[in-house]
Amino acid sequence: MKAVVLISGRGSNMEALLKAGLPVEFAAVISNKPEAYGLEVARQLGIKAVVIDHRQFPDREQFDAALAAEIDRHAPDVVILAGFMRVLTDGFVRRYQGRIINIHPALLPSFPGLHTHRRALEAGVKVHGCTVHFVTPEVDVGPIIIQAAVPVLDDDTEASLSARVLEQEHRIYTQAVRWLAEGRLMIRADGSVTVFDVSRQIAALISPQPDAR
Ligand code: GAR
């Protein structure tokens with residue numbers, strides 16, 4: 001499987017994917033921001049790193065057209081959004097529908113959009129997490145592939161909670177891309193995702209921890 005990864009910043013999810021030993025050829029990493037730290041990380045790992053600066057384009061359509069042209073030069077099977085912080089046009093998403101995935105730092109459908117950790121703390125939820133999903137034109141609502149839940153602790157700050165979630169992001173994104181590469185994902189007619197040959201585990205995360213009695 002051939003993949004192109006889109007980033008906007010730090011690139012830790014991208015780095016986790018590049019280093020995971022996946023059966024994937026990473027053809028290029030593309031950032032919409034020239035200063036994205038992840039570009040340097042990609043180059044150090046020997047991956048072609050390209051900038052398509054959204055500020056150079058008069059509108060979303062023209063930026064997305066340039067982005068699609070660069071992606072298509074590599075003829076990838078999948079497009080992986082890894083902290084890519086631009087909303088994509090419907091036309092762009094449709095072009096790659098079924099083969100474009102994203103990671104979101106919340107348990108969707110809770111907390112779509114930005115500042116998810118702050119909003120989770122404000123809402124007082126006791127469980128938070130992250131989601132890998134197929135991308136559809138509406139932001140943060142596509143078919144869910146995998147989620148990880150973490151406890152929210154009493155003394156959590158945005159920083160401590162985001163660090164706990166990020167560790168799980170790296171795990172589930174790697175797993176989701178591996179499943180995709182292995183051809184083990186199917187989007188059903190009702191929009192839900194099936195993973196073939198996955199082991200069933202029924203364990204609850206309860207937070208805060210109940211007393212042992
Ligand atoms: C990650 O937490 C990712 O889930 C989030 O941005 C961060 C990027 O970190 N993505 C979104 O909020 C998408 N709307 P990274 O650059 O270190 O992977």
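Being a predicted model, the structure only gives us computed values, none of them experimental. One-based numbering, in listed order, for ligands and for the atoms of each. In this chain, numbering begins with 1 at the start of the sequence shown.
For atom 10 (N) of ligand 1, the nearest protein heavy atom (residue, atom name, distance) is Ile103 O, 3.7 Å. Met85 SD, 3.7 Å is the protein heavy atom nearest to atom 13 (C) of ligand 1. Scanning the protein heavy atoms around atom 12 (O) of ligand 1, the nearest turns out to be Pro105 CD, 3.5 Å.
Where the criterion is an N or O separation shorter than 3.5 Å, residue side chain and backbone included, Glu169 meets it with respect to ligand 1. By the 3.5 Å distance cut-off applied to N or O atoms, Asp140 is not counted among the residues near ligand 1. An N or O contact shorter than 3.5 Å links Gly11 to ligand 1 by distance.
Side-chain contact, Thr194 with Arg188: a donor N or O sits under 3.5 Å from an acceptor N or O.
Residue Ser12 holds the heavy atom nearest to atom 15 (P) of ligand 1 of all those in Ser12, Ala36, Gly83.
With hydrogens and angles ignored, the 3.5 Å screen pairs no side-chain donor or acceptor of Ser31 with any backbone N or O of Pro34.
Other residues, nucleotides and ligands contribute at most 12 non-hydrogen atoms within 6.0 Å of the CG atom of Asp154. A 6.0 Å sphere centred on OH of Tyr37 holds no more than 12 heavy atoms belonging to other residues, nucleotides or ligands.
Those atoms of ligand 1 that come under 4.0 Å of a heavy atom in Arg10, given as number and element, are 9 (O), 15 (P), 16 (O), 17 (O). Close approach of ligand 1 to Asn13 is summarised as follows: ligand atoms under 4.0 Å from at least one heavy atom of the residue are 1 (C), 15 (P), 17 (O), 18 (O).
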Could you walk me through whether Arg73 and Glu70 satisfy the salt bridge (Lys or Arg N to Asp or Glu O under 4.0 Å) test, starting with their C-alpha distance in whole Å, then the side-chain angles of each, then the deciding distance to 0.1 Å, before giving a yes or no? CA-CA 5 Å; Arg73 270 174 8 90; Glu70 178 60 32; 3.1 Å; yes
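Distances from ligand 1 to the non-hydrogen atoms of Ile7 include no value under 4.0 Å.
Test Val78, Val79, Ile145 against Ile101 for side-chain contact (heavy atoms from CB on, under 4.5 Å) and you get one pass: Ile145.
Taking the six-membered ring wherever Trp is involved, the centroid distance between the rings of His117 and His128 falls below 6.0 Å.
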